[in-house]
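Chain A is the first sequence line, chain B the second, and so forth, proteins listed ahead of strands; every chain is numbered from 1. Side chains are part of it too, since the values below use all heavy atoms of this structure and drop only hydrogens, waters and symmetry mates.
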Amino acid sequence: MTNNIEIAKIFSDIADILEIKSENQFRIRAYRRAAQNIEGLTEDVADITNREELLRIPGIGKDLAEKIAEFIDTGKIRFFEKLKREVPKVSLELITIPGIGPKTAKILIKQLKIKSIRELEKRAKAHKLATLPGIRRKTEENILRGIQIINKGRERMPLGVALPLAEEIISHLTKTPGTKQIAACGSLRRQKETIRDIDILVTSRNPKKVMDAFVKLPLIREVLAHGSTKSSAIVKESTQVDIRVVKPRSFGAALMYFTGSKEHNIHIRELAAKKGFKINEYGIFNAKTHKRLGGNTEEQIYKILGLGFVPPELREDAGEIETAKKDKLPKLIGLNDIRGDLHVHTKASDGSNSIDELAEAAMKKGYEYIVISDHSKTLRVAGGLQERELLNQIKAIKKINKRFRGFRILAGTEVDIINDGSLDFDDKILAQLDIVIAAIHTGFKQSKEKLTMRIVKAMQNKYVNIVSHLTGRLIGAREPYPLNLEEIFRAAKETNTALEISAYPQRLDLNDTNSKKARESGIMFSLGTDLHAIEHFENMRYGVSVARRGWLEKKDILNTYPAAQLLRKIKKN
DNA sequence: GCCGTTTTCGGCCCGACTGTTTTCAGTCG
């Protein structure tokens, strides 16, 4: 998929350069949209090129399709090479500084001959910027602050980190007099796997008062902007919080505006305009008479546009609006639909708890079953079980199960897929288990073909029911290894093998786009926390978030079925 | 540069905050 990443980067750079050249803003937007859509593909764009299906990618027309094909052919795009020569290289760096856009960058380069961010910092500190047109003391300070933010590295944080932080801020705001509703919006509400800024919406009859209270909250380090209805600040180390206040009647419209995504909003507003409406964060209006037609709730706005409610997790302008027009949106799975956890480790391998403890905790959660799935013998570092140990575990599980009514421990394994695609346990052993999960834990550096072969071969084993954490990625730590996903999804369908969505916060693997793609192949999914300690049961919510972003319904997911039905569904021929 | 149940040409979301300005451009989300 390096093609996809490289092309996306080139298109995004082209957009930046065109911006510096003050080109047509819609042309710039076209490049940005194309970049984003290519980055989101689950298939190598080279394969799509070979099938001559580039034009089916949204935002790709004749011109961009040719540029993609040129890159696949030659590894270069001449147009980009030419553009690069037309603007100073540093201009692309300068516009990454918050507060500096194309116009300011141009002035800095032209008048001060700035060659690097470091040099800009030096000049700003020496107050050499304040003589430039449109720049005075304050702007100089802002630029320095922007450079500091860059140096600190405002990285995206995992959803599991952002959520508690947002909840903390919200709890402070709840105590602020005059606030009515408070909601986390943005990518947090869309449940993206990583979050950059935290967006919070508040309704109040006295917005200014709320804003004044916000900027004085104790956990705020620095105020970036402080207006009467909108403010921004840095909290904790370096997390930016954007807050917006509207009157209570505008809650729905503001929620929609602030939840985004930006692309979804643009598409929705375009649609509204075509139908003679206007949408902003205050409501939906008749474009001619300016009469307000609604906006108290999001449902109201979608309804006026002739659409059903689009769940926040789907709002990425990835086909959800077209699907809503046809009234074909999926009824997304919810956390309450989950009847059990399909991936649980005990202290027999690298977990921390006994089978009894885990069963008890699962029952307390209202689960009907769990799958005990310890590692297999080859995975020594994780205390993989020998055959004899596994057979004893199966016996122990049978014994414990006799104590339960309405709850069942399913005997399973997370068996290693060995280098040649064979499994770490013989069929004779696997046949005695209720459920078999297969996974790769070694050989990440192998070729795409080899890794794909290993997985497909494992799927062809008649005892393998689930393949877990398919791509091996660890968020922020390890890239996914290369796989031919099309081939794997096809094999999963043919062999009736489910793919796991790992709810383990660092994995979330399959991710959202892969899940969505896999769903189109008609395969089944399993949700498992890959639990190593009892408290990890709570991570299931993150798995459900991925599934929702992948458009999955209750029926697509194995552990929404009662145990007996689940076991029937995973049977192979 | 893309795109089409009003279009193959003429559109392309909408508004807040800041700083430097005397009425608005630049930036951001």
Under a 4.0 Å heavy-atom cutoff, the residues of residues 74-97 of chain A touching DNA chain B are A:Ile97
Return the value, rounded to whole Å, for the distance between atom [atom1] of [X] and atom [atom2] of [N].
{"X": "A:Arg56", "N": "B:dC3", "atom1": "CZ", "atom2": "C1'", "answer": "17 Å"}
{"X": "A:Asp197", "N": "B:dC28", "atom1": "CG", "atom2": "P", "answer": "12 Å"}
{"X": "A:His290", "N": "B:dG15", "atom1": "NE2", "atom2": "P", "answer": "10 Å"}
{"X": "A:Glu281", "N": "B:dC28", "atom1": "CD", "atom2": "P", "answer": "18 Å"}
{"X": "A:Tyr31", "N": "B:dC3", "atom1": "OH", "atom2": "P", "answer": "13 Å"}
{"X": "A:Ile301", "N": "B:dC14", "atom1": "CD1", "atom2": "C1'", "answer": "13 Å"}
{"X": "A:Arg196", "N": "B:dC28", "atom1": "CZ", "atom2": "P", "answer": "11 Å"}
{"X": "A:Glu263", "N": "B:dC14", "atom1": "CD", "atom2": "P", "answer": "16 Å"}

I'd like the [atom1] distance from [M] over to [N], given in whole Å.
{"N": "B:dT7", "M": "B:dC2", "atom1": "C1'", "value": "14 Å"}
{"N": "B:dT22", "M": "B:dC28", "atom1": "P", "value": "23 Å"}
{"N": "B:dT8", "M": "B:dC12", "atom1": "C1'", "value": "16 Å"}
{"N": "B:dG19", "M": "B:dT23", "atom1": "C1'", "value": "13 Å"}
{"N": "B:dG1", "M": "B:dT5", "atom1": "C1'", "value": "24 Å"}
{"N": "B:dC17", "M": "B:dC13", "atom1": "P", "value": "22 Å"}
{"N": "B:dT21", "M": "B:dT27", "atom1": "P", "value": "15 Å"}
{"N": "B:dT20", "M": "B:dA25", "atom1": "C1'", "value": "10 Å"}

Aromatic ring pairing A:Phe11/A:Tyr31, orientation class (parallel under 30°, perpendicular over 60°, tilted between):
perpendicular
Scanning all shown strands, the Watson-Crick or wobble mate of B:dC24 with both distances under 3.5 Å is B:dG19
Just compare [options] and give me whichever is closest to any side-chain atom of [X].
{"X": "A:Lys138", "options": "B:dT20, B:dA16, B:dG29", "result": "B:dT20"}
{"X": "A:His226", "options": "B:dG1, B:dC17, B:dT18", "result": "B:dT18"}
{"X": "A:Thr229", "options": "B:dA16, B:dG1, B:dT20", "result": "B:dA16"}
{"X": "A:Asn280", "options": "B:dG15, B:dG29, B:dC2", "result": "B:dG15"}
{"X": "A:Asn142", "options": "B:dG1, B:dG29, B:dT18", "result": "B:dT18"}

Presence of [X] side-chain N/O under 4.0 Å of [N] phosphate oxygens OP1/OP2:
{"X": "A:Thr139", "N": "B:dT20", "result": "yes"}
{"X": "A:Tyr282", "N": "B:dA16", "result": "yes"}
{"X": "A:Thr104", "N": "B:dT27", "result": "yes"}
{"X": "A:Arg137", "N": "B:dT20", "result": "no"}
{"X": "A:Ser228", "N": "B:dA16", "result": "no"}

Check your understanding: Given A:Glu141 and A:Arg145, is the salt bridge (charged side-chain N to carboxylate O under 4.0 Å, His left out) satisfied, shown in steps?
Key -> CA-CA 6 Å; A:Glu141 281 169 23; A:Arg145 193 164 54 183; over 6 Å; no
Worksheet item: Does a donor on one side chain sit under 3.5 Å from an acceptor on the other, for A:Thr194 and A:Arg156?
Response: yes
Nearest heavy-atom contact between A:Leu92 and A:Ile95 is O-CG1, 3.4 Å
TODO: Would you mind classifying the nucleic acid contact of A:Ile60 as base, sugar-phosphate or nothing, using non-hydrogen atoms under 4.0 angstrom?
DONE: sugar-phosphate
**OP:** With heavy atoms under 4.0 Å as the rule, sort A:Ile268 into base, sugar-phosphate or nothing.
**Re:** nothing
Which of A:His264, A:Lys325, A:His267 passes side chain to side chain donor-acceptor pair (under 3.5 Å) with A:Glu320? It is A:His264
Exactly one candidate in A:Thr513, A:Asp512, A:Asn511 meets side chain to side chain donor-acceptor pair (under 3.5 Å) with A:Arg549; the answer is A:Asp512
The answer to which of A:Leu64 and A:Ile135 contacts DNA chain B further toward the 5' end, by nearest nucleotide, is A:Leu64
Comparing A:Lys62 with A:Arg244, nearest DNA chain B nucleotide closer to 5' gives the residue A:Lys62
Are side-chain heavy atoms of [X] and [Y] found at a separation under 4.5 Å?
{"X": "A:Lys9", "Y": "A:Ser12", "value": "no"}
{"X": "A:Leu510", "Y": "A:Val546", "value": "no"}
{"X": "A:Ile149", "Y": "A:Ser238", "value": "no"}
{"X": "A:Arg244", "Y": "A:Val202", "value": "no"}
{"X": "A:Gln240", "Y": "A:Glu222", "value": "no"}

A cation-pi test, strictly: NZ or CZ of A:Lys517 under 6.0 Å from the centre of the six-membered ring of A:Phe489 and no more than 45 degrees from its axis. Yes or no? no
request  = Would you please test A:Ile268 and A:Met256 for side chain to side chain contact (heavy atoms under 4.5 Å, CB included) and show each step?
outcome  = CA-CA 10 Å; A:Ile268 283 285; A:Met256 201 163 153; 3.7 Å; yes
When you measure from the side chain of A:Glu299 to the backbone of A:Phe309, do you find a donor-acceptor pair of N or O atoms at a distance under 3.5 Å?
no
Table of protein N/O atoms under 3.5 Å from nucleotides 23-25 of chain B N/O atoms:
none

Scoring nucleotides 5-13 of chain B by protein non-hydrogen atoms under 4.0 Å (B base, S sugar-phosphate only, - none) yields -BB----BB
